[in-house]
Number of protein chains: 2
Amino acid sequence: MTLRDIEIFVTVCELKSMSAAAKKLYMSQPAISQAISQMEGDLQVRLFDRIGRKLSLTYAGEILYSYGKRILNLVKEAESTLDDVRNMRMGRLRVGTSTTVGIYLLPEIIGEFRKKFSIDVYFTIGNTAGIEKLIFDNSIDLGIVEGPVHSRDIVVTPYIDDELYLVCSKSHRWAEKKSISPAEIENEDIIMREKGSGMREIFEETMARNNVRYRIKYVLNNTEAIKKAVEANIGVSVISRLAVKKEIRGGRLVKVDIENIRFERKFSIIYHKDKFKSNLFEEFIRHLYNYSIR
Amino acid sequence: MTLRDIEIFVTVCELKSMSAAAKKLYMSQPAISQAISQMEGDLQVRLFDRIGRKLSLTYAGEILYSYGKRILNLVKEAESTLDDVRNMRMGRLRVGTSTTVGIYLLPEIIGEFRKKFSIDVYFTIGNTAGIEKLIFDNSIDLGIVEGPVHSRDIVVTPYIDDELYLVCSKSHRWAEKKSISPAEIENEDIIMREKGSGMREIFEETMARNNVRYRIKYVLNNTEAIKKAVEANIGVSVISRLAVKKEIRGGRLVKVDIENIRFERKFSIIYHKDKFKSNLFEEFIRHLYNYSIR
DNA sequence: AGTTTATATAAAATATTATTATCATTAATA
DNA sequence: TATTAATGATAATAATATTTTATATAAACT
């Protein structure tokens, strides 16, 4: 029994005529006759009683008619749902990101995207290596990560340049100056994330490269907590512009430039080279570039 | 999209491998590859991501997998239900009968039949012409009717011979005699069904043929009512043996023979000559002969 | 690097499905 | 009642789909 058979059978049921069904399905009458009698042979039941030249359903036929309609409807529903996926009326995107992007940038970008497309978005936060692994598994569709990615099977495209800002409380003595010399940092209490965090790595690497000494007085494993501590003037810190945008704008934190020193890092969009790029996927990548904060 | 396609797709999903699916379905691997890529072409969506040499379902694929299983299950269910019909574990019989057979004989016969086969039985009571019409419409599968059927498209096979008994109350003077001469009826009050009823036709026709005069004093359109009236000794009547079997056995009515006169009629089983005779149909006919009361 | 395993592609073989032509039967019409 | 039109069945042929064989390509494992 094929879907075609079922379609033929249901049509014959509804028109109570093989010839009429043939017309409706744009095929010859013998094709219908043959299909029906083949079904009867396969199923070993009579589907129609042929009395006079009128067809009437047998009990078995009535049962098959009822199932047949359900089956055809389900197939139609499946096809139309897939069509919705194709036309981005439905969909799913699985994104993996670094902590900073995941917390301070993506929620807004995804929010905007979902205004245009009513799709499900899943996102996972992890370090670059972890995100890379998820891409290999095809557990996520794309990643936004920091730093270089070494697999030649992964496509890497530059996304946004991030900068870490030296920030202090508005009551800190630097708040007025807006700019300091590197030497001024040496005796300042610094609040920093734990070893291994991306933020700390860039800070230490940059400071070392510029031969600036520093003193990390407090370690907190949470950027929000660091911001609160800086606001309370417990010390100063170096935090992604994405994470302190609001506080600087609101005046609760002050950005302080350091002569000749900038803490920089680059985010990239990554995905597997063999990944099939659905319409939705491409649309999301475009959206990422349009809405990113430069 | 055919059922075969869906079966292939679902198998690939479950084994996460085209080659494994090929083995399971006893076909070559390229047939699977082709079927899947054709589906993707037809539906215009990617169903699998081919990353490395691992397959993983896309979002569209997951949707189709879910629908696919439902569709295949429904087809399986339909086939197994039809198999139940074929093996008489399910079924339907539509029988049309004359009043007497329908009320006094069939209920018991059908009850016995349903002990063997758990099927639905519908029955319609009507006169011969009406039953014949229902057979032409294929609104019933078979009929049990009285008298000759004239259409050459209807198969008529003799069923049982019925006899109408002259009955009186146990307190009637005939109750002792058990046999009377035709002349004795002439002055007796007779209770009878209305004109046009099968019972009355036979009675009148037989009496006329034997030149016996009679007097119908009471007319009731219901056999049960007539039986009660005879029991109450309001008069005597002529009633089918099927209808008075219990009362005679219980002694509430007494059968009285009339010398040289018998009221007889024959019941026949009828069905359309083109009617497909399902297993259940044939089984029921056999059952009718086994359980009929001779 | 070489071997094995998995999927894709092209051409050929096979199987399935539909069509044309025709018949038998039935219902409708003259 | 004879004639015509319509319906479904059957057989042979034609057209289309599907599957296999052979081969290529690429990835994972020794």
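Proteins come first, then strands; the chains are lettered A, B, ... in the order of their sequence lines, and each starts at number 1. As the structure is a prediction and not an experimental result, all values here were calculated from the model.
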Counting only side-chain nitrogens and oxygens, does [X] get under 4.0 Å of the OP1 or OP2 atom of [N]?
X: R4(B); N: dT19(D); result: yes
X: R50(A); N: dT25(C); result: no
X: S17(B); N: dT7(C); result: yes

By nearest atom, which of the nucleotides [options] is closest to the [X] side chain?
X: M18(B); options: dG8(D), dA8(C), dA6(D); answer: dA8(C)
X: T2(A); options: dT19(C), dA8(C), dT17(C); answer: dT17(C)
X: Q29(A); options: dT20(C), dA9(D), dT26(C); answer: dA9(D)
X: M27(A); options: dA9(D), dA18(C), dT20(D); answer: dA18(C)

message: Tell me if the centroids of the rings in F281(A) and Y271(A) come within less than 6.0 Å of each other.
response: yes

- prompt: Distance only, no hydrogens: is a donor on one side chain within 3.5 Å (strictly under) of an acceptor on the other, for E282(B) and S278(B)?
  reply: no

- prompt: Between N138(B) and K54(A), do the side chains contain an N or O donor and an N or O acceptor separated by less than 3.5 Å?
  reply: no

field: Contact residues, residues 30-38 of chain B to DNA chain D [heavy atom, < 4.0 Å]
entry: P30(B), A31(B), Q34(B), Q38(B)

Atom-to-atom span, [atom1] of [X] to [atom2] of [N] - whole angstrom:
X: L55(B); N: dA28(D); atom1: CG; atom2: P; value: 12 Å
X: I51(A); N: dT7(D); atom1: CD1; atom2: P; value: 18 Å
X: L3(A); N: dA17(D); atom1: CG; atom2: C1'; value: 15 Å
X: E40(A); N: dA9(D); atom1: CD; atom2: C1'; value: 12 Å
X: D137(B); N: dA27(C); atom1: CG; atom2: P; value: 12 Å
X: D5(A); N: dT17(C); atom1: CG; atom2: C1'; value: 10 Å
X: D49(A); N: dG8(D); atom1: CG; atom2: C1'; value: 14 Å
X: I8(B); N: dA17(D); atom1: CD1; atom2: P; value: 16 Å

field: Stepwise salt bridge (Lys or Arg N to Asp or Glu O under 4.0 Å) test for E14(A) and K24(A)
entry: CA-CA 11 Å; E14(A) 282 168 359; K24(A) 180 160 185 206; 5.1 Å; no

message: Given 3.5 Å as the limit, does a donor-acceptor pair link the side chain of D5(A) with the main chain of I36(A), or not?
response: no

message: Can you tell me how the ring of Y159(A) sits relative to the ring of Y289(A), calling it parallel under 30°, perpendicular over 60° and tilted otherwise?
response: perpendicular

- prompt: Is any N or O donor-acceptor pair between the side chain of R53(A) and the base of dA6(D) shorter than 3.5 Å?
  reply: yes

query: More 5' along DNA chain C: R152(B) or K54(B), using each one's nearest nucleotide?
result: K54(B)

message: What I want to find out is whether E40(A) reaches R50(A) closely enough, with some N-O distance under 4.0 Å, to be called a salt bridge.
response: yes

- prompt: Quick one: do K275(A) and D49(B) make a salt bridge, cutoff under 4.0 Å?
  reply: yes

- request: Would you classify S19(A) as touching base, sugar-phosphate or nothing, given that sugar-phosphate means primed atoms plus P, OP1 and OP2, and contacts are heavy atoms under 4.0 Å?
  value: sugar-phosphate

message: Over all strands shown, is K273(B) touching base, sugar-phosphate only, or nothing at heavy-atom distances under 4.0 angstrom?
response: sugar-phosphate

